[in-house]
Chemist: 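Below are the structure tokens for one structure; questions will follow.
Chain A is the first sequence line, chain B the second, and so forth, proteins listed ahead of strands; every chain is numbered from 1. Only a predicted model underlies this, so the values are computations on that prediction, with no experimental measurement involved.
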There are 2 protein chains.
Amino acid sequence: MAEAREPAPSLAEEIAARLRDQVTGGALVPGQRLSEARVAAELDISRNTLREVFRLLTREGILRHEPNRGVFVAVPSMASILDIYRVRRLIEVPALAQAWPGHAAVARMRSAVARATELQRIPDWRGVGSANMEFHAAIVALTDSPRLIQFFTQIIAELRLAFGLLDSPELLHRPYIPRNAEILGRLEAGDPAGASRMLEDYLNQSERAVLEAFARLG
Amino acid sequence: MAEAREPAPSLAEEIAARLRDQVTGGALVPGQRLSEARVAAELDISRNTLREVFRLLTREGILRHEPNRGVFVAVPSMASILDIYRVRRLIEVPALAQAWPGHAAVARMRSAVARATELQRIPDWRGVGSANMEFHAAIVALTDSPRLIQFFTQIIAELRLAFGLLDSPELLHRPYIPRNAEILGRLEAGDPAGASRMLEDYLNQSERAVLEAFARLG
DNA sequence: ATGAACATGTTGTTCAACAATTTTGTTATG
DNA sequence: CATAACAAAATTGTTGAACAACATGTTCAT
């Protein structure tokens with residue numbers, strides 16, 4: 001059951017990464033149809049290879065595949081956001097609560113906070129968002145569970161898709177930099193339980209903000 | 001973000017289901033290499049379609065893909081079993097604890113218990129195992145979370161792969177039929193918290209049994 | 001207008017071929 | 001005899017074209 005290792009990125013995976021960025025970056029609008037022929041021509045790959053790419057991204061939840069009709073950029077819904085935050089609470093909160101402050105992933109958390117702090121001065125709010133996500137991915141990495149880590153990676157990709165749809169990146173990301181720093185500090189001080197409680201507050205507040213921003217769209 | 005719907009099963013998905021059964025059923029040995037040409041000929045599909053099948057099953061965790069080397073049936077390890085049970089505890093226990101006893105999935109749990117009871121008289125221990133898994137899938141369905149449900153489906157596929165490797169199906173499945181019934185009864189009696197505690201015991205004991213059976217192999 | 005028949009474009013699947021890579025087999029060398 | 005270097009064979013990676021199956025849009029008859 002494939003525990004690790006990943007030596008050579010294939011063409012399909014490279015293209016998948018590129019398409020993923022285009023989607024989460026907003027270059028491709030949610031709901032948009034992706035014609036196999038057109039996209040294959042644009043990316044200069046064959047239709048067959050593109051289909052493999054589509055399968056990958058569909059499993060990740062950022063593309064939607066309707067049989068005999070084609071693939072579309074997934075459309076975030078209120079329900080999906082609620083579900084995503086529910087999963088986040090379920091996974092992140094216990095992950096942090098049972099963390100050992102000396103774990104290697106703590107360094108990842110630290111550098112994520114540092115990067116977010118840097119980027120907010122440019123300001124590059126999309127970059128701040130990425131750094132914040134990296135912070136939370138690091139929290140899940142505290143569990144050393146390959147399955148949780150992989151699952152959470154998907155969840156984050158979906159959430160970034162939703163973020164791309166909203167239009168107040170500063171409001172969505174800025175307030176959480178100091179909170180992340182605070183959580184990290186509490187963990188490093190040897191109080192994972194307290195850090196975990198703070199994380200739960202964080203998630204509830206962030207969820208509310210995202211839902212409000214989402215509601216402003218219609 | 002693809003919340004539901006699945007109207008037409010494509011050829012690739014049908015074949016995937018067939019291969020999945022062959023793997024979890026033990027017809028294909030863990031570690032075995034699956035030659036694209038040979039398998040495509042056996043299943044009477046083209047190599048391209050088979051590749052899509054492989055991608056599907058690789059994402060599910062029951063096949064392993066090594067670039068430029070081919071795909072292999074995944075080999076369950078001690079570490080993977082530990083990880084799987086950890087994920088199960090994390091998801092199933094809270095799912096049951098917060099359950100509403102009138103939820104539709106409770107009926108699924110009930111019929112799963114009934115089916116397991118039926119099959120143990122034949123006896124069909126592989127069938128009993130499937131029914132037990134269905135019971136736990138139903139528990140996760142109590143959450144109404146599409147993402148958790150899909151994730152858990154993968155986890156179960158992996159676990160069944162591990163079960164197929166072991167050789168004492170009666171020992172692995174029989175003791176848990178009455179426990180499932182008991183958990184269900186507690187839930188129907190309006191005590192999800194109590195049911196959840198029993199489930200936690202269940203999982204710990206089951207994990208121990210599986211690990212012991214696994215250790216007997218070497 | 002309503003609905004049936006048709007026209008069109010897209011996806012689903014197959015086939016055949018070639019490039020890139022790994023594995024295997026052979027030979028040469030210490 | 002062991003091993004390193006190299007050649008040959010087999011396998012995967014990727015492509016392009018073709019056709020069938022399906023979905024949608026249009027035309028036509030009523």
Side-chain angles (χ1 to χ4, degrees), chain A residues 2 4-23 28-75, chain B residues 1-23 28-75:
Chain A
R5 156 208 28 75
E6 43 184 330
S10 86
L11 174 61
E13 286 168 29
E14 285 178 26
I15 301 286
R18 220 152 89 202
L19 252 185
R20 192 183 302 119
D21 286 346
Q22 288 190 24
V23 171
L28 297 175
V29 182
Q32 179 176 352
R33 175 183 197 153
L34 299 181
S35 158
E36 291 186 358
R38 188 181 343 273
V39 177
E42 271 178 28
L43 298 177
D44 197 39
I45 60 177
S46 83
R47 246 184 87 208
N48 280 324
T49 304
L50 180 61
R51 279 175 138 263
E52 289 201 2
V53 173
F54 280 169
R55 290 279 189 233
L56 290 174
L57 297 180
T58 297
R59 274 284 165 187
E60 289 182 20
I62 69 182
L63 294 186
R64 189 165 43 96
H65 174 89
E66 299 191 12
N68 289 317
R69 298 212 38 232
V71 307
F72 305 76
V73 180
V75 182
Chain B
M1 289 170 170
E3 221 54 86
R5 154 211 31 77
E6 43 185 330
S10 87
L11 174 61
E13 286 169 28
E14 285 177 28
I15 301 285
R18 220 153 89 203
L19 250 186
R20 192 183 302 118
D21 286 345
Q22 287 190 25
V23 170
L28 296 175
V29 182
Q32 179 177 351
R33 175 184 197 152
L34 298 181
S35 159
E36 289 186 359
R38 187 179 347 271
V39 177
E42 272 177 28
L43 298 177
D44 197 39
I45 60 177
S46 83
R47 247 184 86 208
N48 279 326
T49 304
L50 180 61
R51 278 173 139 261
E52 288 203 3
V53 173
F54 280 169
R55 290 280 189 265
L56 289 174
L57 298 179
T58 297
R59 273 281 164 184
E60 289 182 20
I62 69 182
L63 294 185
R64 190 166 41 96
H65 174 87
E66 299 191 12
N68 289 318
R69 297 211 40 232
V71 307
F72 305 76
V73 180
V75 182

Chemist: What are the two closest heavy atoms between A:Ala74 and A:Pro30, and how far apart are they?
Modeler: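 Of all heavy-atom pairs spanning A:Ala74 and A:Pro30, the closest is O-CB, 3.3 Å.
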Chemist: Check each of A:Ile15, A:Leu34, A:Leu19 against A:Leu57 using the side chain to side chain contact (heavy atoms under 4.5 Å, CB included) test, and report the only one that passes.
Modeler: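 When side chain to side chain contact (heavy atoms under 4.5 Å, CB included) is applied between A:Leu57 and each of A:Ile15, A:Leu34, A:Leu19, only A:Leu19 qualifies.
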Chemist: So, using side chain to side chain donor-acceptor pair (under 3.5 Å) as the criterion, who are the partners of A:Glu36 when residues are at least two apart?
Modeler: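 By the side chain to side chain donor-acceptor pair (under 3.5 Å) rule, A:Glu36 matches A:Arg47, A:Arg51.
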Chemist: At under 4.0 Å between heavy atoms, how does the protein contact nucleotides 8-17 of chain D? Give one character per nucleotide, 5' to 3', with B, S or -.
Modeler: ---SBBBBB-
Chemist: Quick one: CZ on A:Arg55 to OG1 on B:Thr58, what's the gap to the nearest 0.5 Å?
Modeler: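 It is 13.0 Å, given to the nearest 0.5 Å.
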Chemist: Show the nearest heavy-atom pair for residues B:Leu56 and B:Ala16, with the distance to one decimal.
Modeler: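 Minimum heavy-atom separation between B:Leu56 and B:Ala16: CD1-CB, 4.2 Å.
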